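For clarity, every value in this text was computed on a predicted model and none was experimentally measured.
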Amino acid sequence: MIPWIQLDSAKTPDGQQELRLKRRGSEFSIMLGTNELMNSRLSGSEEALARLSCQKIAGHRQPRVLIGGLGMGFTLRAALAELGNNAEIVVAELVPAVVAWARGPMAEIFAGSLDDSRVTIREADVGKLIRSEPAAWDAILLDVDNGPEGIVHKGNDALYSLAGLGDARSALKPRGVLAVWSQGPDAGFTRRLKQAGFAFEEVNTRANGKRGARHVIWIATNGR
């Protein structure tokens, strides 16, 4: 069997933990301790996040989409495939090393998507971007940490709080969509979505087609 090789590492935003980029043949993995955060062979649920949300805004003219979390680019590439040439996609990534990995060791996976004229990469906290522009986005896609029950950076929890959901709703245009990826179900988050005034559906999906771990995606609509 081909062994895993560690290519690089980077501190999490709080400086308390370490992300590690590993490669085995053509396969990549990003690890946090013993937890695998993402793997280049498992893209199904991240692609579903983009596909389901972009389908909801298919009738919007010149849609603006904010993606929280670059990861391995699965959500970005799927969004590019769904959206027309007049779309704008901003990707917020808090860890600069992740952007460097996307342009360096993992460039083959990203397949030029970072150079698409519709894409802007911001090395920034997606929460700050959400709060900076009211009624600015047709869709906000959050694939940050492991979802509402994060393990990488406690500061991410604010995104999924009642106040954070209120900020997201204010940042959406009328009939805008908030799409949230999660490693698993979260009754508390579902309750907060209701409290924040979203109409939503909860979709169960797989990490790899019809196989792999079961993940959850919330597709929430701003009815204003």
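Take K22 and apply the salt bridge (Lys or Arg N to Asp or Glu O under 4.0 Å) test, not counting sequence neighbours, and it matches no residue. Taking S113 as the reference, nothing meets the side chain to side chain donor-acceptor pair (under 3.5 Å) condition, with sequence neighbours excluded. Under the rule for a salt bridge (Lys or Arg N to Asp or Glu O under 4.0 Å), the partners of R118 that lie at least two apart in sequence or sit in another chain are D116. With sequence neighbours left out, R191 forms a side chain to side chain donor-acceptor pair (under 3.5 Å) with no residue at all. For Q6, the side chain to side chain donor-acceptor pair (under 3.5 Å) criterion is met by no residue, not counting sequence neighbours.
Taking CG from L162 and CG from D167, the interatomic distance works out to 10.0 Å, rounded to the nearest 0.5 Å. For the atom pair E46 CD and I217 CD1, the distance stands at 8.0 Å (nearest 0.5 Å).
Using modelled atom types and a 3.5 Å distance limit, the side chains of S182 and W218 yield no donor-acceptor pair.
Judged as a side-chain hydrogen bond (donor to acceptor under 3.5 Å, both in side chains), the pairs with a partner in residues 81-108 (not counting sequence neighbours) are, in order, D8-W101, R23-E108, R64-E88.
Taking every heavy atom of both residues into account, G184 and V216 meet most closely at C-CG2, 3.7 Å.
More than 12 heavy atoms of other residues, nucleotides or ligands sit less than 6.0 Å from atom NZ of K11.
Each of R214, H215, Q183 was scored for a side chain to side chain donor-acceptor pair (under 3.5 Å) with S45, with one residue passing: H215. Put simply, the residue from R175, R61, K173 that forms a side chain to side chain donor-acceptor pair (under 3.5 Å) with D138 is K173.
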